[in-house]
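Proteins get letters first, then strands, A, B, ... in listed order; numbering begins at 1 in each.
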Amino acid sequence: MPELPEAETVRRGLETETVGRRISRVEVTGLRSVRRHPDPGEPDRRLRGQRVQAVGRVGKFLTLAAGPEVLVVHLGMSGQLLLSDGAGPRPPHSHVVVVFEDGSELRFVDPRTFGQVFLSAGPEPGRRGRPAELAHLGFDPLTDGLPAGRFAALLRSRRTMLKALLMDQRFVAGIGNIYSDEILFAARLRYDHPASALDEEQAKALYRHLLRILRASVRLGGSSLSDMQYRDVYGRPGRYQERHLVFAREGLACTGCGGPIRRQAWGGRSTFYCPGCQIPGPGPRRG
DNA sequence: CAGATGCCCTGGGCGC
DNA sequence: TGCGCCCAGGGCATCT
């Protein structure tokens with residue numbers, strides 16, 4: 001499930017491999033992947049002949065600037081961006097393929113089609129020229145450099161449960177189910193702890209763990225789960241899953257207390273936590 | 001406004 | 001061996 005560290009790993013690969021290359025055409029075969037475009041031929045028309053200038057990222061979204069155009073990619077659940085020299089057959093579910101003038105290809109492969117590819121309608125005024133379609137996203141933990149005190153104040157103003165807030169892309173961009181569980185375990189806070197119940201020090205500590213874990217995962221190329229769906233642009237899996245302390249570890253011994261990690265259905269998906277180490281918070285105040 | 005729910009979609013795992 | 005069921009979950013729409 002590509003989250004920020006996986007998107008950042010892909011971004012680095014794209015930056016290395018595609019900046020400076022000229023696009024000769026874009027082949028779209030998966031209409032759902034370009035669902036924001038009423039006309040699926042639009043990406044080809046607008047990108048033809050443009051040279052890739054920069055590769056950016058906001059949360060889980062990737063952006064390729066090419067001439068006046070910005071191509072935005074979200075990997076969804078099962079999306080991959082794979083580089084190829086253009087020889088050999090394309091893998092199944094290659095819904096969008098950017099062909100460069102040397103014949104090499106950038107293939108958007110996405111079996112479950114939760115991901116998407118679209119050309120931005122333009123930059124949002126202010127906010128560092130972020131594509132307008134990404135205006136709703138909150139701060140990016142690795143690129144926006146939000147001071148800890150600001151984070152703590154923002155967090156403590158919300159009454160939402162911590163996990164819901166960490167996964168809320170409007171609050172902070174890039175954290176999903178895996179990293180929210182890992183961050184909350186590191187901070188010794190349970191998923192259902194109300195954000196507003198944290199004191200200043202707890203909120204700052206949570207932020208430190210958030211940054212530390214995302215950076216550590218980027219260093220190891222992100223997390224590939226048992227399905228090995230996540231791959232970088234060279235097709236390599238990540239290695240951060242070896243460092244997961246709670247995610248997908250139901251029944252295994254907690255590294256903190258030795259007790260079993262618990263799995264809880266919550267918000268329509270699985271949450272993993274240690275009942276011994278992670279505190280649930282004060283609960284609703286009475287009186 | 002915030003929380004809950006359902007939908008989209010396919011491959012893989014599992015029970016029978 | 002094979003079929004059908006269920007699950008994985010990010011983002012969004014919709015309802016309360």
Rounded distance (Å) that lies between atom C1' of C/dA8 and atom CG of A/Leu225: 9 Å
Between A/Ser180 and A/Tyr191, a side-chain donor and acceptor under 3.5 Å: no
Atom-to-atom span, CG of A/Asn177 to P of C/dC7 - whole angstrom: 15 Å
A/Tyr230 versus A/Glu3, side-chain donor and acceptor atoms under 3.5 Å: no
side-chain contact (heavy atoms from CB on, under 4.5 Å) partner of A/Leu166, the single match among A/Asp181, A/Leu210, A/Thr160, A/Asn177: A/Leu210
Minimum-distance nucleotide to A/Arg36 side chain [options: C/dG10, C/dA8, C/dC12]: C/dC12
Ring pair (Phe, Tyr, Trp, His ring centres under 6.0 Å) partners of A/His74, counting only residues at least two apart: A/Phe61
Sugar-phosphate, base or nothing in reach of A/Tyr179, heavy atoms under 4.0 Å: nothing
Ring pair (Phe, Tyr, Trp, His ring centres under 6.0 Å) partners of A/Phe108, counting only residues at least two apart: none
Non-hydrogen side-chain atoms of A/Pro68 and A/Gln50 separated by less than 4.5 Å: yes
Under 4.0 angstrom between A/Gln229 side-chain N/O and C/dA8 OP1 or OP2: no
Residue met sooner reading DNA chain B from 5', once A/Arg112 and A/Met161 are mapped to nucleotides: A/Met161
Rounded distance in Å - CD (A/Glu133) to C1' (C/dC12): 15 Å
Sugar-phosphate, base or nothing in reach of A/Ser270, heavy atoms under 4.0 Å: sugar-phosphate
For chain A, the stretch of DNA chain B it reaches, first to last nucleotide, under 4.0 Å of its heavy atoms: B/dA2 to B/dG11
Integer-rounded Å distance: C/dC6 C1' and A/Arg269 CZ: 16 Å
Below 4.0 Å: OP1/OP2 of C/dG11 and any side-chain N or O of A/His74: yes
Rounded interatomic separation in angstrom, taking CZ from A/Phe272 and P from C/dC7: 13 Å
Touch class at under 4.0 angstrom, heavy-atom based, for A/Gln116 against every strand present: nothing
Distance in angstrom units between A/Ile178 CD1 and C/dG10 C1', rounded: 12 Å
A/Phe171 CZ - C/dG10 P separation (whole Å): 18 Å
Residue met sooner reading DNA chain B from 5', once A/His93 and A/Arg159 are mapped to nucleotides: A/Arg159
Exercise: do A/Arg263 and A/Ser270 side chains pair donor with acceptor under 3.5 Å: yes
